[in-house]
Number of protein chains: 2
Amino acid sequence: MDKQDIKILLVDDEPDILEIVGYNLSAEGYQIITAENGLQAVKKAKKEHPHLIILDVMMPEMDGIEACEQIRKIPSLKDTMITFLTARGEDYSQVAGFDAGADDYITKPIKPKVLVSKVKALLRRYKQEEKEGMLKIGNLVIDRDEYKINLNGEEIILPRKEFELLSLLTSKPGKVFKRDEILDKVWGNEVIVGGRTIDVHIRKLREKIGDDSFRTVKGVGYKFVD
Amino acid sequence: MDKQDIKILLVDDEPDILEIVGYNLSAEGYQIITAENGLQAVKKAKKEHPHLIILDVMMPEMDGIEACEQIRKIPSLKDTMITFLTARGEDYSQVAGFDAGADDYITKPIKPKVLVSKVKALLRRYKQEEKEGMLKIGNLVIDRDEYKINLNGEEIILPRKEFELLSLLTSKPGKVFKRDEILDKVWGNEVIVGGRTIDVHIRKLREKIGDDSFRTVKGVGYKFVD
DNA sequence: TCTGTATGTTACCTTTTTGTTATATATTTT
DNA sequence: AAAATATATAACAAAAAGGTAACATACAGA
């Protein structure tokens, strides 16, 4: 994702802070939105879907802690990062902040360089987070983002359907996935495929990953075993 | 196993990280032990037998990768889970980590919620009872998700009808299921099968599970007894 | 467009599961 | 105890389910 596409919501009741922080982050190329209290912050967050919210703890109307809690309740914002602005040495705010679901905190007074580097770090993490779909089962590593797997250190690229099938089965090792379920999750309910389609794909996975990993449960479906 | 009984060894050279991670995991009810470098980590691991080790990659004295390798060599710790703390985007650490025998990794900076949920996921294996669809009766464990049963620690795979019949009878141990009822629930009302079909299936279960577990109630049906 | 890969289909084979039959055994009733 | 009824068992038969190979189609990239 490009910097220009990243929105940061800045929340503080002191215009000075808004300006100085806003200036520094704009200079870095981020899109800045501001709010002056918790209430406004929650509203704007809901509307604008920022990637990062920088929240002052002490504010009129609704303080940062509460705003944070509110925001964390909004499902569409679950991937949004939240960081607090706290006065130095306010241990309480930090703990309370993490409890409320914050990801980091920045201490006042604000040093522009520290601020910018923290923000960069947080957003880098954001990018990371999006890419975090790694699953390890025994000697098999599945990278859901890159659609590839790693078996005993050897990289294998699987066709999409095979990958998705593997991905489904490994999502709950041991659990038997019924044919219906597989069809639904991998092919989609609308698509109608022949009765042998799943088998064929299982066979291909067996060839590539290993015979023993996929157990047939006759009359029911398939399961992945460790 | 109860949460209070689960020990987590936390290894990082930055006191801040130890504190924040420790705080969050303590809050979840886990027992926390800490170490500041790889050497200490290996020592403490050997002594304390933690269930999970959270290991920073970059540390003085001995880095996380090496510590992990050392720990993996200790037979008594073979069931211990190890997860790394890696800095953003360090693909190298991830691969090297898995190579060294790690089970997962967590990216820095740490997001408390992600941390906690990852830890929970990793430790789930210690809490077997939480699994849904598991039924324990005496020395018999019936796992409806995995379509398998476990008798005195030995795994037995049953064909579908047998599994369903067993599943039905054990759903209310002691209760007599009438033949009609069994036919209805296991075969479905529409299907018409001969009069000896149930008996034959009961016989097969008796062969596999044990004669005494299935009592015939003449003129009525069958029941499962503990 | 051509080419190669991915996906899906078909037909046939093998195995397993399921059900039936005939007979033996047990239980109850008369 | 004999008859009637119900269940157990073994051997067998039928059906279902899955495996496989070869082929067909779709689709993406050169």
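A, B, ... follow the sequence lines: proteins, then strands. Residue 1 opens every chain.
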Practice item. Could you tell me the separation between the CZ atom of B:Arg203 and the C1' atom of C:dG19, rounded to a whole number of Å? Key: 13 Å

Practice item. Check whether any side-chain nitrogen or oxygen of B:His201 sits under 4.0 Å from OP1 or OP2 of C:dT18, and answer yes or no. Key: no

Exercise for review: Could you tell me whether the phosphate oxygens of D:dA6, OP1 or OP2, come under 4.0 Å of any side-chain nitrogen or oxygen in B:Arg179?
Suggested key: no

Exercise for review: Grab the NZ-P distance between B:Lys208 and C:dT16 for me, whole Å please.
Suggested key: 12 Å

Check your understanding: At under 4.0 Å between heavy atoms, what does A:Arg196 touch on the DNA or RNA strands: base, sugar-phosphate, or nothing?
Key -> base

Exercise for review: Let me know the distance between CD1 of A:Ile202 and C1' of D:dG18, rounded to the nearest Å.
Suggested key: 11 Å

Exercise for review: Would you indicate what A:Tyr222 reaches in the nucleic acid, counting non-hydrogen atoms under 4.0 angstrom: base, sugar-phosphate, or nothing?
Suggested key: sugar-phosphate

Check your understanding: Starting at CG of B:Asp199 and ending at C1' of C:dG19, how long is that distance when rounded to a whole Å?
Key -> 12 Å

**Study point:** Value in whole Å for how far the C1' atom of D:dA28 lies from CZ of A:Arg160
**Key:** 12 Å

**Study point:** Listed nucleotide nearest any side-chain atom of A:Val200, set D:dT20, D:dT9, C:dT18
**Key:** D:dT20

**Study point:** Presence of salt bridge, A:Lys175 and A:Glu181, under 4.0 angstrom
**Key:** yes

Practice item. Name the orientation class of the two ring planes belonging to B:Phe163 and B:Tyr147 (parallel below 30°, tilted from 30 to 60°, perpendicular beyond 60°). Key: tilted

Point to revise | Nucleotide D:dC12, atom C1' - distance to NZ of B:Lys204 in whole Å | key: 12 Å

Check your understanding: Between C:dA6 atom P and A:Leu205 atom CG, what is the distance in whole Å?
Key -> 13 Å

Exercise for review: Start with the C-alpha distance between B:Leu169 and B:Ile202, add both sets of side-chain angles, then the distance that settles side chain to side chain contact (heavy atoms under 4.5 Å, CB included), and finish with yes or no.
Suggested key: CA-CA 10 Å; B:Leu169 293 181; B:Ile202 290 282; 3.9 Å; yes

Exercise for review: Look at the side-chain N and O atoms of B:Thr216 and state whether any lies under 4.0 Å from the OP1 or OP2 oxygen of D:dA8.
Suggested key: yes

Check your understanding: Does a side-chain N or O from A:Thr197 land closer than 4.0 Å to OP1 or OP2 of C:dT7, or not?
Key -> no

Check your understanding: According to a strict under-4.0 Å criterion, is A:Trp187 in side-chain N/O contact with OP1 or OP2 of C:dT7?
Key -> no

Review point. Using a cut-off of 4.0 Å on non-hydrogen atoms, how would the nucleic acid contact of A:Lys218 be classed: base, sugar-phosphate, or nothing?
Key: base

Review point. Are the charged groups of B:Lys208 and B:Glu162 less than 4.0 angstrom apart, N to O?
Key: yes

**Study point:** Atom-to-atom span, CD1 of B:Ile182 to P of C:dG19 - whole angstrom
**Key:** 13 Å

Point to revise | From CA spacing to verdict: side chain to side chain contact (heavy atoms under 4.5 Å, CB included), B:Leu77, B:His49 | key: CA-CA 7 Å; B:Leu77 294 175; B:His49 283 252; 3.9 Å; yes

